[in-house]
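Here's the structure, in C-alpha cells; my notes come after.
All chains are named by letter (A, B, ...) in the order of the sequence lines, taking the proteins before the strands, and each is independently numbered beginning at 1. All values below were derived from every heavy atom in this structure, side-chain atoms included, with hydrogens, water molecules and symmetry-related copies excluded.
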Amino acid sequence: MENNRFELNAQLAQMLKGGVIMDVTNPEQAKIAEEAGAVAVMALERVPADIRANGGVARMSDPEMIAQIQAAVSIPVMAKARIGHFVEAQILEALKVDYIDESEVLTPADEENHIDKTAFSVPFVCGARNLGEAARRIAEGAAMIRTKGEAGTGDVVEAVRHMRQMNKDIKVLCGLDQAEVMPFCKVNGIPYHIAQQVRELGRLPVVNFAAGGIATPADAALMMQLGCDGVFVGSGIFKSGDPASRARAIVKATAYFNDPVKVMEASKGLGEPMVGIGISTMKEEDKIASRGW
Amino acid sequence: MATRNKIGVLDLQGGVHEHVYHLQALGIEPVKVKDAEQFNELAGIILPGGESTCLIRLLNIFELAPQLKAAHADGMKIWGTCAGAILIAHEITNDKPQLDLMDITVERNAFGYQLDSFNAKVEVPKVADGPIDLTFIRAPKIVRVGEGVAPLLQIDDYVAAAESEHCLATVFHPELTPSLAFHKYFAEKCGIKITTETMERPVRTSWMKLARIIQPVKK
C-alpha cells in the first residue's frame, strides 16, 4: 500500500460525513437512492431482511450486478465481502468499487481472522459493537467503522446499544490514568497504539457511521445525536411502502438531526415503514452482529 | 441590512469540520450555515466537498438555493471545493447545471474511482509562496473557463482552480492538507484581513477535534 493511500481512503469517508449510505440491489434502486440524496450506495444482491428470510449462505454479489450499479450512478459504490474472504475482496478491488464492507451480514468465510486490509489499496469499512472491535479493525487497516446494530430487523435497539457502548468505552478509556491503559487494552482486546490515538482525539480515529436497524427519519436523527458521523440504511428503504419518499426523508433528517421541527416535517406521510422484527423476540443464534471477532 | 463581515461554511453534508478548523487556525470564527437567514451576515461562504447530488437535493428541498443566489447577487462571495465547484458551475457535462454562478464547465468524478484519488505537490503562484500539497478525492475537472474567469492552476488538460470576481472554485481539497493558503486567499477575497503568521496546521486528524465524544486526555 502506498504511504498516502490510507489517508486518501480515510478522507473519502470524511467527505461522506453527515450523509446516508443506502443498500440497493439493482441500477433502478441505485438511481432512486442517488436522486434522493444518498452519499453512496451499497450494492448487494439481497438486502439483509431477505438474507435473513431466505437463509442459506450469503456471499459477495455478482460482479456483473455491481458493475451495472457502478455504471448507473456517479456517487461512490460500496460492496460487501464476507468476513475473512480476502479473494472476494480482491475481486471487488479488481472491480474498482470505491469501498469494501467486510460485513457480518454475509456468512463469514473465516471464523478467526479478518481480512488483512493493509494489503489492499481500496478502502474498507468494518462493523463493530464496541471500542475493542473497532480498534482491532482499524489496526487491520479499516479506513472507516460502522456500528453493527442488527441488520435486516428494522429495530434500532441494537444500533443504539452499540453506539452507546462505543461512546462509553471511549469515555472510560479517556478517563484512565496512563498506567491503567494497558490493562484496559488487555481486557477489551484493544491494540495499544489505537487506544493512545483514541485518548488523544477523544473519539475513534476514523469516521464512524451507524448501521443495522435504522428504518425511520427519527432513527437516523437519533443515531446522529448519539454522536455518529453518518448512517447506513439497509432494508429500511427498499422494504418500505414508498422507498423514494422514505429515502429523501432520511437524508433530510440526517442533515438536520438537531432540528426537531425539520425532523418532524421529514417524518410526515411516509407510508408504511418496513415491517421489522423485534430484537427482543429473536433467538440469540439468529443475531448476526455476533459474527466478527 | 446587516453587514457582511463573516465567513460561513455550508453545513448540510460533507467536509464541514475540516473547513471550520482551517478558518479557526487563521483566527476566523466561521458560521456553520444551515438556514437561509444566516446568509445575510456573510461576506463569503464555502460550499464544502461532499456528494454534489446530496448537497443540491438538500439546498433545493430546504429552499436554500434561491436565497443563496440572492445573497451572492448582493455581494456574498462563494468558494466551491470539489462538490462545491460542481454546484456553482455554469455547465456540467452529462448533467444539468445547479446554482450556475460561475462560467465554468465541470466534468463530475472525472478521474474515475476511489483507486484513482491522489495527492500532488504544485505551485499556485497567486495563492501561495512555495509549493503546496493538493488532495484530489474522486475529483471533478474544470474543462472550460469562460469570460471573466481566470485559471489559477492548470494541470495537464484541465483547470484545477479558477476564480472570477465573486467566485473561487477548486476541484481539490485545501481543507485536507496542512496549508492554509487557499483559506487565507478566500478570506482576503471576502475583504477579511488575516493577521496571523501561521500558514500551516497539522490535518491528519484535525477535524476530529470538532467531532469528539469526549474531551481528550491532556498530554
Side-chain angles (χ1 to χ4, degrees), chain A residues 4-5 7-12 14-20 34-40 70 73-77 93 95-99 121-123 166-167 170-171 173-176 178 196-207 227 229-230 248 251-252 254-256 258-259 262, chain B residues 11-18 34-35 48-62 81-83 86 92 94-95 108-110 112-119 133 135-138 140 173 175-177 203-219:
Chain A
N4 61 12
R5 188 48 61 181
E7 199 159 330
L8 283 167
N9 289 341
Q11 286 171 335
L12 172 59
Q14 280 173 245
M15 292 303 130
L16 305 179
K17 294 199 306 294
V20 183
E34 181 178 48
E35 187 55 35
V39 291
Q70 286 175 305
V73 295
S74 70
I75 56 178
V77 175
E93 181 168 69
L95 201 54
K96 298 189 170 187
V97 300
D98 295 299
Y99 245 93
S121 293
V122 72
M166 189 84 76
N167 289 350
I170 292 169
K171 289 173 193 163
L173 174 59
C174 289
L176 298 177
Q178 188 56 44
Q196 293 294 67
Q197 281 180 38
V198 170
R199 279 163 64 79
E200 278 167 37
L201 297 166
R203 55 158 292 142
L204 284 184
V206 298
V207 167
D229 300 312
R248 279 196 297 272
V251 169
K252 284 191 239 177
T254 304
Y256 285 89
N258 263 333
D259 185 336
K262 288 206 168 65
Chain B
D11 182 16
L12 297 179
Q13 189 275 317
V16 179
H17 297 314
E18 293 82 348
K34 273 187 135 82
D35 297 297
E51 280 308 318
S52 56
T53 45
C54 175
L55 289 169
I56 199 64
R57 162 65 58 191
L58 290 165
L59 279 171
N60 287 333
I61 290 174
F62 292 105
T81 54
C82 195
I86 297 172
I92 304 171
N94 300 328
D95 211 341
R108 175 185 278 154
N109 196 17
Y113 306 97
Q114 171 60 9
L115 285 171
D116 305 304
S117 293
F118 64 100
N119 297 118
D133 292 311
T135 294
F136 295 72
I137 297 186
R138 297 181 85 257
H173 293 274
E175 78 282 11
L176 296 178
T177 56
V203 285
R204 162 74 183 90
T205 53
S206 62
W207 66 273
M208 298 179 185
K209 294 187 168 65
L210 301 168
R212 282 167 178 155
I213 299 299
I214 188 175
Q215 286 304 306
V217 176
K218 292 269 184 304
K219 272 205 176 167

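Counting heavy-atom pairs closer than 4.5 Å to chain B, the top residue among A:Ala255, A:Gly202, A:Gly19, A:Gly18 is A:Gly202. Counting heavy-atom pairs closer than 4.5 Å to chain B, the top residue among A:Lys96, A:Glu35, A:Arg248 is A:Lys96. Contact tally against chain B (heavy-atom pairs below 4.5 Å) for A:Gly175, A:Ala36, A:Gly227, A:Gly230: the top residue is A:Ala36. Most heavy-atom pairs under 4.5 Å with chain A, from the set B:Asn109, B:Thr135, B:Asn119: that is B:Asn119.
For B:Tyr113, there are no ring pair (Phe, Tyr, Trp, His ring centres under 6.0 Å) partners, not counting sequence neighbours. Annotation: side chain to side chain contact (heavy atoms under 4.5 Å, CB included) contacts of B:Asp11 (sequence neighbours excluded): B:Val16, B:Lys32, B:Lys34.
Using a 4.5 Å cut-off between heavy atoms, B:Arg212 contacts chain A through both its backbone and its side chain. Using a 4.5 Å cut-off between heavy atoms, A:Val206 contacts chain B through its backbone alone, with no side-chain atom that close. For a residue to count as touching a neighbouring chain, one of its non-hydrogen atoms must lie under 4.5 Å from one of that chain's; by this rule A:Gln178 does not touch chain B. B:Phe62 touches chain A through its side chain: at least one heavy atom from C-beta onward sits under 4.5 Å away, while N, CA, C and O do not. Contacts between A:Tyr256 and chain B at a heavy-atom distance below 4.5 Å involve backbone atoms as well as side-chain atoms. Heavy-atom distances place both the backbone and the side chain of B:Leu176 under 4.5 Å from chain A. Only the side chain of B:Ile137 comes within contact range of chain A, with heavy atoms under 4.5 Å apart. For a residue to count as touching a neighbouring chain, one of its non-hydrogen atoms must lie under 4.5 Å from one of that chain's; by this rule B:Leu58 touches chain A with the side chain only.
In this structure, B:Gln114 and A:Pro123 have side chains that are in contact, with non-hydrogen atoms separated by less than 4.5 Å. Considering only heavy atoms from C-beta on, A:Gln14 stays 4.5 Å or farther from B:His173 through its side chain. Between B:Arg138 and A:Met15, the closest side-chain pair of non-hydrogen atoms is not below 4.5 Å.
Between atom CG of residue A:Leu204 and atom CD1 of residue B:Ile213 there is a gap of 7.5 Å, rounded to the nearest 0.5 Å. Summarising the geometry, atom CE belonging to B:Met208 is positioned 8.5 Å from atom CD belonging to A:Gln197; distances are rounded to the nearest 0.5 Å. Note: B:Ile214 CD1 to A:Lys171 NZ = 7.0 Å, rounded to the nearest 0.5 Å. To the nearest 0.5 Å, the span separating CD on A:Gln11 from CH2 on B:Trp207 amounts to 11.0 Å. The OG atom of A:Ser74 sits 7.5 Å away from the CD1 atom of B:Ile86 when rounded to the nearest 0.5 Å. Note that NZ of B:Lys209 and CD of A:Glu200 are 9.0 Å apart. Values are rounded to the nearest 0.5 Å.
Side-chain atoms of B:Gln13 do not come within 3.5 Å of backbone N or O of A:Ala38 as any donor-acceptor pair.
Pairing each heavy atom of B:Ser117 with each of A:Leu8, the nearest pair is O-CD1, 3.6 Å.
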Test side chain to side chain contact (heavy atoms under 4.5 Å, CB included) on B:Asp35 and A:Lys262 and set out the steps.
CA-CA 11 Å; B:Asp35 297 297; A:Lys262 288 206 168 65; 3.2 Å; yes
